[in-house]
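Structure record follows, encoded as structure tokens.
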Amino acid sequence: ILVLEVTHTFNSRESDWGFTSFMPLIDLYDPSKGYIVNDQCIIEAEVAVRKIVDYWNYDSKKETGYVGLKNQGATCYAVYHMPTVDTPSGSIPLALQSLFYRLQHGDNSISTKELTKSFGWDSYESFMQHDVQELNRVLCEKLEDKMKGTIVEGTIQKLFEGHHMNYIECIGVDYKSTRKESFYDLALDVKGCSDVYASFDKYVAVEMLDGDNKYQSEKYGLQDAKKGMLFIDFPPVLQLQLKRFEYDHARDIMVKINDRYEFPLQLDLDRDDGKYLSPEADRSVRNLYTLHSVLVHSGGVSGGHYYAFIRPTLSNQWYKFDDERVTKEDLKRALEEQYGGEEELPHTNPGLNMNPLKFTKYSNAYMLVYIRESDKEKIVCDLEETDINEDLKTRLRKEDEDKENKKKEKAEAHMFTTFKVARDHDLAAQIGRDLFFDLVDYEKIHPIRVLKDMPFNQVKEEFSKEFGIPVHSQRFWWWSKRQNNTYRPTRPLTQQEESYTVGQLKDAAIRMNSSELRLYLEVVQENHLTLASRTKDDILLFFKLYDPEKEELRYVGNLLLKASSKPSDIVPKLNEIAGFQHDEDIELYEEIKFEPNIMCEPVDCDVSFSLNQIADGDILCYQKRCSLDQHRHPNVSSFFEYVHNRQVVHFRLLEKPKQDDFSLELSKRSTYDDVVEKVAQHLGMDDPSKLRLTQHIPHLQQPKHQYIKYRSIDHLSDMLLLRNPNQMSDILYYEILDIPLPELQGLITLRVAFHQATPNEVLFHIIRLPKGSTYSDLIDDLKSKVQLSRSDAE
């Protein structure tokens, strides 16, 4: 009979379970084993039905008083008293303050997303296995840095910092070398050690330096010596990391050490007359420690799971903190069951001569935290509400309110929709600053969130209250994409459409191939009591004003005009808008498109708008008439070309590829000669052909291996173009050569090591030869550069 005990609890959510190891068939069919009798194998399953804790509905706060991890009081106090100005995801202290506050006052498990973000771990790294010692050290270093200059400066050192002394002492002469070092945690060997005391014995074991391994002293030369380490002092909170992982040289892999390793409830580091202490240690300090927490690693090298056994107040009651679940545990579960090693399954049939079945325990202690008995009153202390800064409490409460509001918004999201409305205010704010082409960037327009079933006429009422625009002065236009990839107002909403709900209008926008509802609000012009009624002959045009002297472009408004009228009819009005003289001679241009090339054509002012093929939503740019040689960009078309092609390029010296040297504003259409000439001018060089440029690899943040050959690339845009045609770099590297690049490209450069007659004397020479040269040419050139021992030497 073979009996296997199962600890798995079956329930409605965990109904599937099985063994990970199986009996070999050869054992099953072995007659001596007795598993098969009369060609039958009987398998029995004993099932115990009992009432258990339903962990799916388990309330940790109600059952234990804790959620998440219980912090140590003194550490928590220090964190609460650090000044913070950042967001939680950008500041470790604030993330910890937020976490501790919620652990103390929350009823549910707390997310650690903000804390891991503050470490610089992105969403991908959060799913990667991070070593707990690594996390602990990152945390201590960051906190220590943030505490500088505050009332809690030095708290981390006071709690966790100890010191040991490394020494080498000569045996035959009076010489001893010592070096003091600090530590925040100690890494103890597990392999070959039965318990913590054995690890400490190994830690301070003396190594003899003799034979071929003698010590080289500065004063006495090679000497037999003793090498070792002793502790000067231990910290109030002693963190012991157990070296469960090590490199197996024979198998060339990392392995986990699952050997049995015991640790005491009380740790006496003064034992055997203080054998772990150095002569200079303060013997008046009693180094007796009590176990506070046990961190367990369950799993193997490739991954696993951490959980902890903690007694927050050092009472006899232990708690297991396993992610969001906190349960009460006894001493045996927290200590003995975490020693590791092997577990034996007893046989129910002692008559069979079978070796006991042994199973390796893959869950075992990985880190131990001890607190010194004489310091426990200061460390395990209560944190009063008054210890928490009021500003911090207000800040965190507001964060909670914001999260609740977002949660509510998400739950009600199906009832709401959003849309965007652009006004002349938005056009004026963007054009000439963030935007030159088209009218508005809707990505920068704040979305309006309303109930889907809100009538659009009610939206107009809200706009009237918000912006002081009478309802009868509002006319909304559909905004859509044209065939030439520009975005313009196309037509006003009909009376029927204005009677729709916002949800219905959004559905209509989607049917018109728009991902969101985008509208433009036309407002009645000044001196009008209501919006002018619109006829089929009416067109809405938008106007931009260009100043060639200042090279500035700005939005100046819109006009509702007759398509049958001429541009010359509105010249006085445009002059008035621009602040020009009434009879100023101006030029008009139609902005048609800007991708892939600029199209901005002059408008014939003496024919109608309709004959100029100008319709609703079109953009007219105008300016004072000027001669072509009067300004750098004398008209709107040339200005648009400049804006469309301008490119700021950051130049880096090839020898210093990580830092920008200077930046130049160039045109993407600049030729190779234009680019090197501009760079040469900036560097004060007379000969641009002595410059050599190299392209940039963005994802590696380094230059390409191959430089740009002389005039091999036509334009700057091609120099900056990446493999993805839609992406461009803005970095180029440069070198200053001693000869022109075309000449250098016709030569081959060799680095020759010349060994002199004197041993170990080597001289290096850089030799340039035409690419068709022979070895004889190389030797002849080398002879002219080196000094031979005699004239006939070869």
Side-chain angles (χ1 to χ4, degrees), residues 72 133 157-169 176 178-208 226-244 257 259-296 309-311 313-316 318 331-332 334-341 364-380:
Q72 296 172 4
Q133 190 180 26
Q157 293 96 317
K158 291 174 185 175
L159 282 173
F160 303 111
E161 187 177 57
H163 300 88
H164 53 61
M165 176 190 72
N166 294 296
Y167 68 88
I168 298 177
E169 184 176 4
K176 186 175 183 178
T178 60
R179 184 179 73 255
K180 181 180 179 180
E181 292 182 350
S182 64
F183 64 86
Y184 281 177
D185 56 61
L186 294 173
L188 301 182
D189 284 335
V190 172
K191 192 171 185 179
C193 299
S194 60
D195 58 16
V196 171
Y197 289 119
S199 295
F200 269 95
D201 291 343
K202 189 174 181 180
Y203 212 95
V204 300
V206 176
E207 177 187 356
M208 296 303 299
K226 296 184 296 181
K227 178 182 178 182
M229 190 279 298
L230 291 170
F231 290 94
I232 299 171
D233 56 64
F234 293 103
V237 179
L238 181 63
Q239 301 179 104
L240 304 179
Q241 189 246 331
L242 309 183
K243 293 161 72 173
R244 289 280 182 187
I257 309 300
D259 298 352
R260 181 179 176 85
Y261 183 89
E262 298 181 7
F263 45 91
L265 188 62
Q266 279 205 320
L267 179 67
D268 187 358
L269 295 178
D270 289 333
R271 68 191 308 230
D272 296 344
D273 198 25
K275 64 178 178 179
Y276 304 131
L277 302 175
S278 69
E280 59 187 271
D282 184 357
R283 301 293 176 124
S284 66
V285 177
R286 181 74 175 97
N287 293 304
L288 180 64
Y289 287 84
T290 188
L291 186 62
H292 174 269
S293 47
V294 180
L295 183 70
V296 177
F309 292 91
I310 303 175
R311 48 178 185 156
T313 61
L314 297 182
S315 66
N316 292 329
W318 286 83
L331 178 64
K332 181 181 178 182
L335 264 71
E336 292 179 31
E337 292 189 18
Q338 310 313 319
Y339 289 163
N364 36 55
Y366 183 60
M367 193 168 184
L368 309 172
V369 178
Y370 284 91
I371 294 177
R372 190 156 47 203
E373 281 282 346
S374 57
D375 293 306
K376 67 181 182 181
E377 298 300 326
K378 292 182 293 182
I379 293 171
V380 184

From Leu230 atom CG to Glu280 atom CD, the distance as rounded to the nearest 0.5 Å: 9.5 Å

Full working for side-chain contact (heavy atoms from CB on, under 4.5 Å) between Phe231 and His163: CA-CA 6 Å; Phe231 290 94; His163 300 88; over 6 Å; no

Beyond-backbone contact of Pro236 with Ile379, side-chain heavy atoms, under 4.5 angstrom: yes

Test log, rule salt bridge (Lys or Arg N to Asp or Glu O under 4.0 Å), inputs Arg271 and Asp268: CA-CA 6 Å; Arg271 68 191 308 230; Asp268 187 358; over 6 Å; no

Evaluation steps, side-chain hydrogen bond (donor to acceptor under 3.5 Å, both in side chains), between Tyr366 and Gln241: CA-CA 6 Å; Tyr366 183 60; Gln241 189 246 331; 3.3 Å; yes

Reported CG-to-CG distance for the pair Leu188 and Asp195, which is rounded to 0.5 angstrom: 10.5 Å

Asp270: which of Lys275, Arg283, Arg286 passes salt bridge (charged side-chain N to carboxylate O under 4.0 Å, His left out): Arg286

Side chain to side chain, Leu159 and Asp375, heavy atoms closer than 4.5 Å: no

side-chain hydrogen bond (donor to acceptor under 3.5 Å, both in side chains) evaluation trace for Ser278 with Tyr167: CA-CA 10 Å; Ser278 69; Tyr167 68 88; over 6 Å; no

Under 3.5 Å side-chain donor-acceptor pair for Ser199 and Tyr261: yes

Within-4.5 Å side-chain heavy-atom neighbours: Asn287 and Leu277: yes

Worked verdict on Trp318 versus Ile310 for side-chain contact (heavy atoms from CB on, under 4.5 Å): CA-CA 6 Å; Trp318 286 83; Ile310 303 175; 5.5 Å; no

side-chain contact (heavy atoms from CB on, under 4.5 Å) between Leu240 and Phe263, worked out: CA-CA 11 Å; Leu240 304 179; Phe263 45 91; over 6 Å; no

Test side-chain contact (heavy atoms from CB on, under 4.5 Å) applied to Leu288 and Gln266, step by step: CA-CA 7 Å; Leu288 180 64; Gln266 279 205 320; 4.3 Å; yes

Separation of Thr290 OG1 from Leu238 CG (nearest 0.5 Å): 12.0 Å

Closest approach of Val190 to Ile257 (non-hydrogen atoms, all atoms of both residues): CG1-CG2, 4.0 Å

Pair Phe183 + His164: ring centers closer than 6.0 Å: yes

Within-4.5 Å side-chain heavy-atom neighbours: Phe309 and Leu295: no

Polar side-chain atom of Asp233 near backbone of Gly162 as donor-acceptor pair, under 3.5 Å: no

Pair Tyr276 and Phe200, ring centroids less than 6.0 Å apart: yes

Option passing side chain to side chain donor-acceptor pair (under 3.5 Å) with Asn166 (candidates Glu181, Lys227, Lys180): Glu181

Arg372 side, atom CZ; Leu269 side, atom CG - distance, nearest 0.5 Å: 9.5 Å

Nearest-0.5 Å distance, CG of residue Asp189 to CG of residue Asp201: 12.0 Å

Spacing of CD belonging to Gln338 relative to CG belonging to Leu242, to within rounding of 0.5 Å: 11.5 Å

Minimum side-chain heavy-atom gap Val196-Pro264 below 4.5 Å: yes

